[in-house]
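Before any comments, here is the structure.
Quick caveat, the model's predicted, so the values are computed rather than measured. Values reported hereafter were calculated over all heavy atoms of this structure, with side chains retained and with hydrogens, waters and symmetry mates removed.
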Amino acid sequence: QVQLVESGGGLVQPGGSLRLSCAGSGFTFSSYAMNWYRQAPGKERELVAFISSAGGSTNYAGSVKGRFTISRDNAKNTLYLQMNSLKPEDTAVYYCKLQIFGINYWGKGTLVTVSS
């Protein structure tokens with residue numbers, strides 16, 4: 001079955017960096033576009049970044065553009081999110097997501113806390 005497992009979250013000071021990973025299994029990883037979402041406390045889940053199946057096309061939410069970079073290694077079935085210049089407002093649970101034939105699959109998320 002489809003599985004997505006995020007890792008790499010933690011506590012970081014403002015201005016710091018983290019790299020999140022999302023390991024996929026149970027599907028042909030290289031065939032599907034992938035997304036990172038996040039959900040801050042008391043807020044709705046929001047799209048952070050998108051990457052096409054081969055990695056040639058990416059898109060970002062305005063709030064993270066220029067600070068976050070989405071990438072993927074199809075040989076390792078892994079999606080990444082490099083987060084730099086982190087701000088307290090980036091505090092959230094971060095999820096990877098893909099859609100197969102109209103069905104959304106989510107990981108369980110990894111918590112990122114940006115605080116001094």
Side-chain angles (χ1 to χ4, degrees):
Q1 71 276 25
V2 173
Q3 278 197 311
L4 298 169
V5 180
E6 301 94 338
S7 62
L11 174 63
V12 62
Q13 291 188 342
S17 298
L18 280 176
R19 188 176 82 155
L20 306 184
S21 299
C22 170
S25 61
F27 63 102
T28 305
F29 188 86
S30 59
S31 295
Y32 297 96
M34 299 284 295
N35 300 275
W36 283 102
Y37 280 73
R38 68 184 180 186
Q39 187 165 21
K43 294 190 176 182
E44 292 189 357
R45 197 170 294 190
E46 63 173 352
L47 176 64
V48 174
F50 159 91
I51 188 167
S52 60
S53 57
S57 178
T58 59
N59 205 356
Y60 299 90
S63 58
V64 308
K65 197 172 292 186
R67 300 187 298 122
F68 289 13
T69 302
I70 189 172
S71 63
R72 65 192 297 159
D73 185 338
N74 286 343
K76 295 183 178 179
N77 289 357
T78 303
L79 175 72
Y80 301 101
L81 186 68
Q82 177 67 43
M83 306 187 295
N84 299 328
S85 303
L86 282 161
K87 305 175 181 179
E89 52 263 43
D90 294 319
T91 295
V93 178
Y94 284 72
Y95 302 90
C96 56
K97 188 212 93 171
L98 83 151
Q99 188 178 85
I100 302 176
F101 298 124
I103 299 173
N104 290 326
Y105 295 90
W106 298 87
K108 293 185 178 180
T110 185
L111 176 63
V112 172
T113 303
V114 184
S115 175
S116 55

Look at the side chain of R72 and the backbone N and O of S53, then say whether any donor-acceptor pair between them is shorter than 3.5 Å. yes
Is there side-chain contact between I103 and V2, with at least one heavy-atom pair below 4.5 Å? no
Distance-only donor-acceptor hits, side chain of residues 77-89, under 3.5 Å, sequence neighbours excluded:
unit_1	atom_1	unit_2	atom_2	d
T78	OG1	K76	O	2.8
Q82	NE2	N84	OD1	2.9
N84	OD1	S17	OG	2.9

Taking all atoms of both residues into account, what is the closest heavy-atom pair of F50 and A33, and its distance? CE1-CB, 3.5 Å
Note: L4 and M34 closest approach over all heavy atoms is CD2-CE, 3.9 Å
Any idea which heavy atoms bring F27 and L98 closest together, and the distance? CE1-CD1, 3.5 Å
So, taking the atom named OH in Y60 and the one named CZ in R67, what distance separates them when rounded to the nearest 0.5 Å? 12.0 Å
Drop me the distance from Q99's CD to N35's CG, to the nearest 0.5 angstrom. 8.5 Å
Euclidean distance, D90 CG relative to S115 OG, rounded to 0.5 Å: 12.5 Å
Y95 side chain to E6 backbone, donor-acceptor under 3.5 Å: no
Could you tell me which non-hydrogen atom of K108 sits nearest to which non-hydrogen atom of V93, and how far apart they are? O-CG1, 4.5 Å
Treating Ile, Leu, Val, Met, Phe, Trp and Tyr as nodes and any side-chain heavy-atom pair under 4.5 angstrom as an edge, say whether Y105 and Y37 lie in one connected cluster. no
Can you check whether R38 reaches V112 side chain to side chain, under 4.5 Å on heavy atoms? no
When rounded to the nearest 0.5 Å, the distance separating CZ of F68 from CG of L20 is 8.0 Å
For the pair T91 (side chain) and V114 (backbone), establish whether a donor and an acceptor sit closer than 3.5 Å, ignoring hydrogens and angles. yes
Interatomic distance, OG@S25 vs CD@Q1, rounded to 0.5 Å, equals 7.5 Å
Using 0.5 Å steps for rounding, measure from the CH2 atom of W106 to the CZ atom of R45. 4.5 Å
Would you say that W36 contacts C22 through its side chain, given a criterion of any heavy-atom pair below 4.5 Å between the two side chains? yes
